[in-house]
Amino acid sequence: MLKTIAGMKDILPSEISQWHYVEKICMEVFKNFNYKEIRTPILEMTALFKRGVGETTDIVEKEMYTFEDRDKTSLSLRPEGTAPVVRAYIQNKLFNDQPVTKLYYMGEMYRHERPQKGRYRAFHQIGAEYFGATSPLADAEIISLISEILNRLDIKSYVFYINTIGCQECRPKYKEALKNYFSNHFDNLCEHCQKRLDTNPLRVLDCKNSKCKEIAESSPIIIDYVCDTCKTHHEELIKLVDFIKIPYKIDYRIVRGLDYYVRTTFEVKEEGGILGAQNTILGGGRYNGLVSQLDGPETEAIGFAIGVERLLYLLENISNSEYIDYVVIPLGKEQIDMAFKIATSLRIKGFSVDIDPRSGSLKSQMRWANKLGAKSVILIGENELKNSSYIEKNMETSEQKVCSINDVLN
RNA sequence: GUGGGAGUAGCUCAGUUGGCAGAGCACAGGAUUGUGGCUCCUGUGGUCGCGGGUUCAAAUCCCGUCUUCCACCCCA
């Protein structure tokens, strides 16, 4: 039997109402914050991600679905949403329309990783990008927007972490300080962190190893090393977030894995054990260099992405009350034509209507109607057809009334 | 990419020292004439993930492979 590719799965009719629910609420909140939807192809040139996400990131180095087009161009399924949106922003010169541009997207992303709970090779992200704003107000607005989405979805078991990771100016100094500090504890670091100390000392901060964690506890703190611009930006952001009373924690270990981030980074995590090890349900940050790096004008931006599959784990079981307005039941073969006509008429009028194609016994059709959650059934037998009438039965109250066929057909 | 657990009916799972493939739920039909849900009866449904091997005999033991789950790496 042919199956889905490993780490990819179908979203079944029984699950789809949850997806619609999340998408609907997000779209409403985006509307409230004046974001416009953008849809980009799932396939892009590999070069976009190499330049956008970073040549040395894990995503680009070992997780992309990459293959050659017929003309030998290297293409990749998008592993994330930001680079394509930035590409679209530049290509369509959206920066000419408005001084600031606020976009959101919802779609499937692809990464060739080992599947795990909350981590799939095809997964969905809902995200937004805010272009053209240097002000910490933009950062605060993004955080407010995320908070509102989580509130409206009635998700409670999460922690909002905010950090700043400085800029190209000040981060190297911090990295150097970290390197010095961790070098003094080199023998007590795990194998990975010993290597990371050279490649990316920031990563040692969010290592899961208990010894590394302990050492990281008293490591130098980023905020002591950032330049004045970054520090002011961070402080003003915090002031704004406090002012609108959004709960958060400052966590200097939120370092993020993608190359393009500067200053503000943030993550929302579920820490009640529902998600296991993959407990980050959304993440994002400011990326000031990305647009110019992809040949656009110098533009500051900030964005985030929600992992929809992870978010769905946290959703309280929303009432999945499937129903249908009518099931039309002919009691015998002679009444099928008229049943079909009545069903059609009701459908045209806007009701949801079904009719059993199997023409089984009355009992079996009633059972079927009950299973579909029919609010009412319409029964047509020999006697009714003779009188141009039908019986409408309310499935909740069991009340029945005789109606005229002519009325329903008009 | 690395390490570990699991795979038997649509779903959740039993299956003893290797000896005829099972249950509950779901689905279908029925319980005196044309009325659902509750109850009762009956029935359909399996290449025991797939491929090799050992054996008179394999769901059961061995090897490989795929999928899935858990963790690492990393990320949403």
Side-chain angles (χ1 to χ4, degrees), chain A residues 1-9 12 14 53 56-63 78-82 106-127 146 190-193 195-196 199-200 203 206-209 254-258 266-270 273 275-285 303-314 327 329-332 335 356 358 360-385 390-400:
Chain A
M1 191 190 21
L2 292 165
K3 294 183 190 170
T4 49
I5 295 161
M8 305 194 182
K9 57 182 185 178
L12 299 173
S14 60
V53 180
T56 59
T57 54
D58 280 21
I59 289 179
V60 169
E61 233 170 30
K62 53 185 203 193
E63 293 173 4
R78 62 184 181 198
E80 56 102 53
T82 299
M106 317 199 283
E108 197 163 36
M109 309 295 163
Y110 305 85
R111 289 183 200 173
H112 192 111
E113 301 176 88
R114 192 74 163 251
Q116 197 179 327
K117 182 172 193 166
R119 192 174 62 191
Y120 309 99
R121 289 182 176 177
F123 62 101
H124 294 76
Q125 287 189 334
I126 297 176
I146 292 165
C190 72
E191 214 176 305
H192 273 293
C193 285
K195 279 182 201 156
R196 277 194 279 228
T199 56
N200 191 354
R203 281 261 153 241
D206 66 354
C207 180
K208 286 170 186 167
N209 182 292
I254 303 296
V255 295
R256 313 284 308 151
L258 282 60
F266 54 85
E267 282 179 9
V268 171
K269 291 185 177 186
E270 189 283 323
L275 277 173
Q278 260 55 52
N279 65 347
T280 304
I281 61 177
L282 71 88
F304 74 95
I306 301 173
V308 181
E309 281 82 357
R310 292 182 186 179
L311 187 71
L312 287 172
Y313 275 109
L314 308 187
V327 168
I329 300 177
L331 299 190
Q335 293 90 45
D356 194 333
R358 298 168 300 178
S361 66
L362 174 55
K363 178 195 278 256
S364 74
Q365 294 198 64
M366 284 299 289
R367 276 186 178 166
W368 188 66
N370 190 60
K371 196 162 32 187
L372 293 187
K375 289 183 189 166
S376 299
V377 295
I378 284 172
L379 300 160
I380 313 157
E382 207 177 333
N383 299 336
E384 286 74 24
L385 194 55
Y390 65 86
I391 298 168
E392 180 172 336
K393 174 170 183 168
N394 182 312
M395 292 296 274
E396 253 177 70
T397 63
S398 293
E399 279 168 17
Q400 296 191 174

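All chains are named by letter (A, B, ...) in the order of the sequence lines, taking the proteins before the strands, and each is independently numbered beginning at 1. Computed from heavy atoms alone, side chains included, the values below leave out hydrogens, waters and symmetry copies.
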For this session: Tell me, with the steps shown, if A/Q278 and A/Q116 meet side-chain hydrogen bond (donor to acceptor under 3.5 Å, both in side chains).
Result: CA-CA 8 Å; A/Q278 260 55 52; A/Q116 197 179 327; 2.7 Å; yes
Problem set entry | A/M366 CE - B/U35 C1' separation (whole Å) | 5 Å
For this session: Write down the distance between CG (A/L331) and P (B/G36), rounded to a whole number of angstrom.
Result: 12 Å
Exercise. Counting any heavy atom closer than 4.0 Å, what does A/L311 reach on the DNA or RNA strands: base, sugar-phosphate only, or nothing?
Worked result: nothing
For this session: In whole angstrom, give the distance that lies between atom CG of A/D206 and atom P of B/A76.
Result: 12 Å
Exercise. Quick one: which of B/U35, B/A76, B/G36 gets closest to the side chain of A/M395?
Worked result: B/G36
Exercise. So what's B/A28 paired with, Watson-Crick or G-U wobble, going by both distances under 3.5 Å?
Worked result: B/U42
Problem set entry | Under 3.5 Å on both distances, the Watson-Crick or G-U partner of B/C72 | B/G1
Seminar exercise, completed: Rounded to whole Å, the CD1-C1' distance (A/I391 to B/G34) equals 8 Å
Pairs under 3.5 angstrom, nitrogen or oxygen only, protein versus nucleotides 68-72 of chain B, please.
from, atom 1, to, atom 2, distance (Å)
B/U68, OP1, A/G7, N, 2.8
B/C70, OP2, A/K117, N, 2.4
B/A71, OP1, A/A277, N, 3.1
B/A71, OP2, A/Q116, NE2, 3.0
B/C72, N4, A/R119, NH2, 3.3

For this session: Tell which nucleotide pairs with B/A23, taking only Watson-Crick or G-U wobble pairs whose two distances are both under 3.5 angstrom.
Result: B/U12
Exercise. For B/G51, which nucleotide in any strand shown is its Watson-Crick or wobble partner with both distances under 3.5 Å?
Worked result: B/C63
Exercise. Now, which nucleotide makes the Watson-Crick or G-U wobble pair with B/A57, with each of the two distances under 3.5 Å?
Worked result: none
Exercise. Touch check for A/E384, heavy atoms < 4.0 angstrom, all strands: base, sugar-phosphate only, or nothing?
Worked result: base
Exercise. Under 4.0 Å between a Lys/Arg side-chain N and an Asp/Glu carboxylate O for A/K393 and A/E399?
Worked result: no
Exercise. A/R310 has an atom CZ; how far is it from atom C1' of B/C75, in whole Å?
Worked result: 6 Å
Seminar exercise, completed: Letter by letter from the 5' end, nucleotides 27-33 of chain B scores (B base, S sugar-phosphate only, - none; protein heavy atoms under 4.0 Å) SSBBB--
For this session: Could you tell me whether the side chain of A/Q365 has a donor or acceptor atom within less than 3.5 Å of a complementary atom in the base of B/U35?
Result: no
